[in-house]
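Below, each value reflects all heavy atoms present in this structure, side chains not excepted, and no hydrogens, waters or symmetry copies. Start at 1 with the first residue, then count along the sequence.
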Amino acid sequence: LYPNQKIMKKLWNFARIGVITLSILIFTPLVIPKNEYKPEFMGLPYTLWVGILAYFGYVALIMIGIYAHSKVKKEEGAHD
């Protein structure tokens, strides 16, 4: 592997692990508070805020993954 390709593979793995971790964290008490009827943050439900932040996290991870994966595939094709 070429040095740039190693970095891109690490970024690709970071994006994959990040999406899996974020997906697991969404269903923990961190996001869905236990035994609380109406938790709010700035007048909006806490779960809504965390959902919005998770959405931006997914978008960022997907953009990183697309960038890294396309570079790895492009370099593999150029060196075959």
- Query: What is the minimum heavy-atom distance between Leu22 and Ala54, and which atoms define it?
  - Reply: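 The pair with the smallest heavy-atom distance is CD2-O, 3.6 Å.
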- Looking only at heavy atoms, which two atoms of Ala68 and Trp12 are closest? And how far apart?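 For Ala68 versus Trp12, the nearest heavy atoms are CB-N, 3.7 Å.
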- Got a second to check how far His69's NE2 is from Ile64's CD1, nearest 0.5 Å?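 The NE2 atom of His69 sits 15.0 Å away from the CD1 atom of Ile64.
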- Query: What is the distance from atom CG of Leu61 to atom OG1 of Thr21, rounded to the nearest 0.5 Å?
  - Reply: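 Taking CG in Leu61 and OG1 in Thr21, the distance rounds to 9.0 Å.
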Are [X] and [Y] connected, step by step, through hydrophobic side chains (Ile, Leu, Val, Met, Phe, Trp, Tyr) whose heavy atoms are closer than 4.5 Å?
| X | Y | answer |
| --- | --- | --- |
| Val59 | Leu53 | no |
| Phe56 | Trp49 | yes |
| Leu48 | Tyr55 | yes |
| Ile24 | Val50 | no |
| Ile20 | Tyr58 | no |

- Going by heavy atoms in the side chains, are Ile66 and Met63 under 4.5 Å from each other?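 Result no, sub-4.5 Å side-chain heavy-atom pair not found.
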- Query: Can you list the steps and then say if Lys10 with Ile7 is a side-chain contact (heavy atoms from CB on, under 4.5 Å)?
  - Reply: CA-CA 5 Å; Lys10 285 182 182 178; Ile7 293 170; 5.7 Å; no
- Stepwise side-chain contact (heavy atoms from CB on, under 4.5 Å) check, Met8 with Leu11: CA-CA 5 Å; Met8 290 302 142; Leu11 272 176; 4.2 Å; yes
